[in-house]
Amino acid sequence: MILKGAKRGGAGELARHLMKAENEHIEIHEIRGFSASTVLGAFREAEAVSLGSRCTKPLFALALSPPESERVPVGVFEKAIAAIEEKLGLVDQPRVVVFHEKAGRRHAHCVWSRIDAATMTAIDMPYFKLKLGDVSRTLYRDHGWKMPEGLIDPALRDPLNYTRQEWFQAKRAGRDPRDVKAAFQQCWAASDSGRALQAALAQRGYHLARGDRRAVVALDITGEVYALARWTGVKTKEVTARIGDSGALPSIPEVRQRLAAQVRTKLDGFLTEVATDFARAADGLEAERLAMVERHRAVRRALDDHHEQRRTHEVRERAARFRKGLKGLWDRVTGQHARIAERNAEDAKAAEARDREERQVLVDGQIAERQQLQEVIRRERQNHTRTITHLQRDRERIGRELPQNTDDRTGGPRRRVHGRG
């Protein structure tokens, strides 16, 4: 799991952050080593103790985020926290553990007091980020989780073997350079004449034009210019041979004007449709989410009430095993009382584990259900964001005044053609 920690002051602000209502479920799992019984009270207590030292950040706050697709029991979080305590020198320090659930994901926060009450000094924790990274990698290995590449080696990146010019040109047009190059190469391979190449490119959204200083270029609907030879990966003379008389092709300004007229009205209609569709979908999904949260909370409360009633009943049953009066005294003399007490302790421990497991199963099931809904929400948001971004970018680009300089050799504020062709 991903571990992010920081030394903190501001007890009140931190407590409000951990208890803020935007989380769908909040569970105070543990308050250890403090006299206070609330999160805010515990942090205030740590802050008061720190007044006996020079420490201005008496708390260490840690977030533990497991992989989104994994179901992680409470015990795994507890073992991770214990390992972190050992690594950072925080063993037996007062702490607060809080679980959060939101958008179908469960994570934990653990906050320790850094003040050693015996010496009234703050525990230093040098290189704690590197140490947290070590613990995180161990957790991924031990549990068989897929480790993020950045955690394996922060230097690992997608190299994308393209020139800087090709990369920035494709990004300005909102397309992946691999897709752009593949489109040009496939169109070239599938055509055997200039007319066929022109038709194939048009189906992919590229339109041939006569360059000012290059023989043949192609434009997409945003007006971005591509050197045909460069993006098809062939020589200039091959392009010239297939196209024939490039002088018969329209100029770059002519193609831009024609494309702009066709696209502007279409994009305006698309933007209106996207906004309407998303608003309708978002209203329905939000209503579904709120209903699910309330239902989950009610089921958890019902289970907690059931556990409490059963716990009370079982405590009475175990207490009834002890005989009273002279018989009870005789049981103490013969050791029967001790054996009953040992059995009761074992039964109590087993009952606690049973209750904990039942709640974990319930929480896991609810998280799975919530994640299914969140995936629908995420896809809806991503689709809307992707669509609206591309449409607005295209509309703004087309809506701007067309460049007066169509030199396909230079960059800067002019549109640029990369490569020769």
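- Closest of all the heavy-atom pairs between A351 and E314 is CB-OE1, 3.6 Å.
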For the pair S113 and F60, evaluate side chain to side chain contact (heavy atoms under 4.5 Å, CB included) and give the outcome as yes or no after the intermediate values. CA-CA 6 Å; S113 169; F60 183 75; over 6 Å; no
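- In terms of modelled atom types and a separation under 3.5 Å, the side chain of Q366 and the main chain of H296 share a donor-acceptor contact.
- Within the 3.5 Å criterion, the main-chain N or O of M120 finds no donor-acceptor partner in the side chain of D116.
- Between P58 and A46, the closest heavy-atom pair is CB-O, 4.2 Å.
- Within the 4.5 Å cutoff, side-chain heavy atoms of R297 are placed close to those of E294.
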Mind listing the side-chain donor-acceptor pairs of residues 64-73 below 3.5 Å, one per line with the distance, residues two or more places apart or on another chain?
| residue | atom | partner | partner atom | Å |
| --- | --- | --- | --- | --- |
| E68 | OE2 | R378 | NH2 | 2.7 |
| R71 | NH1 | Q371 | OE1 | 3.1 |
| R71 | NH2 | Q371 | OE1 | 3.3 |

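- Nearest heavy atoms, V97 versus C110: CG2-SG, 3.8 Å.
- The aromatic rings of F184 and W231 sit tilted, their planes meeting at an angle between 30° and 60°.
- Of the possible donor and acceptor atoms, one in the side chain of T385 sits under 3.5 Å from a partner among the backbone N and O of R381.
- By the 4.5 Å heavy-atom criterion applied to side chains, H25 and I367 are not counted as neighbours.
- Each of R295, R289, K102 was evaluated against E24; a single residue qualifies, R289, per the salt bridge (Lys or Arg N to Asp or Glu O under 4.0 Å) test.
- A search for side chain to side chain contact (heavy atoms under 4.5 Å, CB included) contacts involving I340 returns R321, F322, Q336, N344, not counting sequence neighbours.
- The number of heavy-atom neighbours closer than 6.0 Å to CG of D92, taken from other residues, nucleotides and ligands shown, is 12 or below.
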Please output the side-chain donor-acceptor pairs of residues 83-91 that fall under 3.5 Å, not counting sequence neighbours, one pair per line with the distance.
| residue | atom | partner | partner atom | Å |
| --- | --- | --- | --- | --- |
| E85 | OE1 | R95 | NH1 | 3.3 |
| E85 | OE2 | R32 | NH2 | 2.9 |
| E85 | OE2 | R95 | NH1 | 2.7 |
| E85 | OE2 | W112 | NE1 | 2.7 |

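- In this model, no donor atom of one side chain and acceptor atom of the other lie less than 3.5 Å apart for Q360 and R356.
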Carefully, step by step, assess D134 and R137 under the rule salt bridge (Lys or Arg N to Asp or Glu O under 4.0 Å). CA-CA 5 Å; D134 291 340; R137 280 185 283 272; 3.0 Å; yes
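- Looking at H313 and E317, their side chains do bring a donor and an acceptor atom within 3.5 Å of each other.
- No side-chain donor-acceptor contact under 3.5 Å links K181 to the backbone of G233.
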Going through the distances and angles, do R105 and E101 end up as a salt bridge (Lys or Arg N to Asp or Glu O under 4.0 Å)? CA-CA 5 Å; R105 298 192 65 181; E101 289 178 40; over 6 Å; no
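- Judged by a 6.0 Å distance limit and a 45° cone about the ring axis, R106 is positioned over the six-membered ring of F99.
- The CG atom of D305 lies 12.5 Å from the CZ atom of R310; values are rounded to the nearest 0.5 Å.
- Taking every heavy atom of both residues into account, L132 and L3 meet most closely at O-CD1, 3.6 Å.
- For V96 against A42, the heavy-atom pair with the smallest separation is CG2-CB, 3.8 Å.
- Looking at L219 and Y226, their side chains never come closer than 4.5 Å, going by heavy atoms from C-beta outward.
- In this structure the side chain of L290 reaches within 4.5 angstrom of the side chain of E286, judged on heavy atoms.
- Atom CD of E352 is surrounded by 12 or fewer heavy atoms from other residues, nucleotides or ligands within 6.0 Å.
- Rounded to the nearest 0.5 angstrom, E45 CD and S50 OG are separated by 11.5 Å.
- L18 CG to N23 CG: the interatomic distance, rounded to the nearest 0.5 Å, is 9.0 Å.
- We find the OG-CD1 distance between S37 and I28 to be 9.0 Å, quoted to the nearest 0.5 Å.
- The shortest non-hydrogen separation linking A11 to L40 is O-CD1, 4.3 Å.
- L373 has its side chain within reach of M292: a pair of non-hydrogen atoms, C-beta onward, lies under 4.5 Å apart.
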Apply salt bridge (Lys or Arg N to Asp or Glu O under 4.0 Å) to the pair K327 and D331, showing each step before the final yes or no. CA-CA 6 Å; K327 292 181 179 180; D331 287 345; over 6 Å; no
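- Residue E369 places its CD atom among more than 12 non-hydrogen atoms of other residues, nucleotides or ligands, all under 6.0 Å distant.
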Could you walk me through whether L285 and V376 pass the side chain to side chain contact (heavy atoms under 4.5 Å, CB included) check? CA-CA 8 Å; L285 290 171; V376 175; 3.8 Å; yes
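- Using a cutoff of 4.0 Å between basic side-chain nitrogens and carboxylate oxygens, R354 and E357 are not scored as salt-bridged.
- Atoms CD1 and SG, on I115 and C55 in that order, are 4.0 Å from each other to the nearest 0.5 Å.
- Residues L201 and L228 meet the side-chain proximity criterion, which asks for heavy atoms closer than 4.5 Å.
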Show, in sequence, the C-alpha distance, side-chain angles and deciding distance for R359 and R300, and conclude whether the side chain to side chain contact (heavy atoms under 4.5 Å, CB included) test is met. CA-CA 8 Å; R359 199 174 200 282; R300 293 190 190 192; 4.0 Å; yes
Is there a side chain to side chain contact (heavy atoms under 4.5 Å, CB included) between R8 and F43? Walk through the geometry before answering. CA-CA 11 Å; R8 286 289 306 263; F43 293 169; over 6 Å; no
Could you walk me through whether D347 and R318 pass the salt bridge (Lys or Arg N to Asp or Glu O under 4.0 Å) check? CA-CA 8 Å; D347 289 352; R318 290 193 291 270; 6.0 Å; no
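- Here the side chains of V239 and W188 are in contact, with some heavy-atom distance below 4.5 Å.
- Using a 4.5 Å cut-off on side-chain heavy atoms (C-beta onward), H29 and V74 make contact.
- Distance check: L259 CG to H207 NE2 gives 4.5 Å after rounding to the nearest 0.5 Å.
- In this structure, H109 has its ring center closer than 6.0 angstrom to the ring center of H100.
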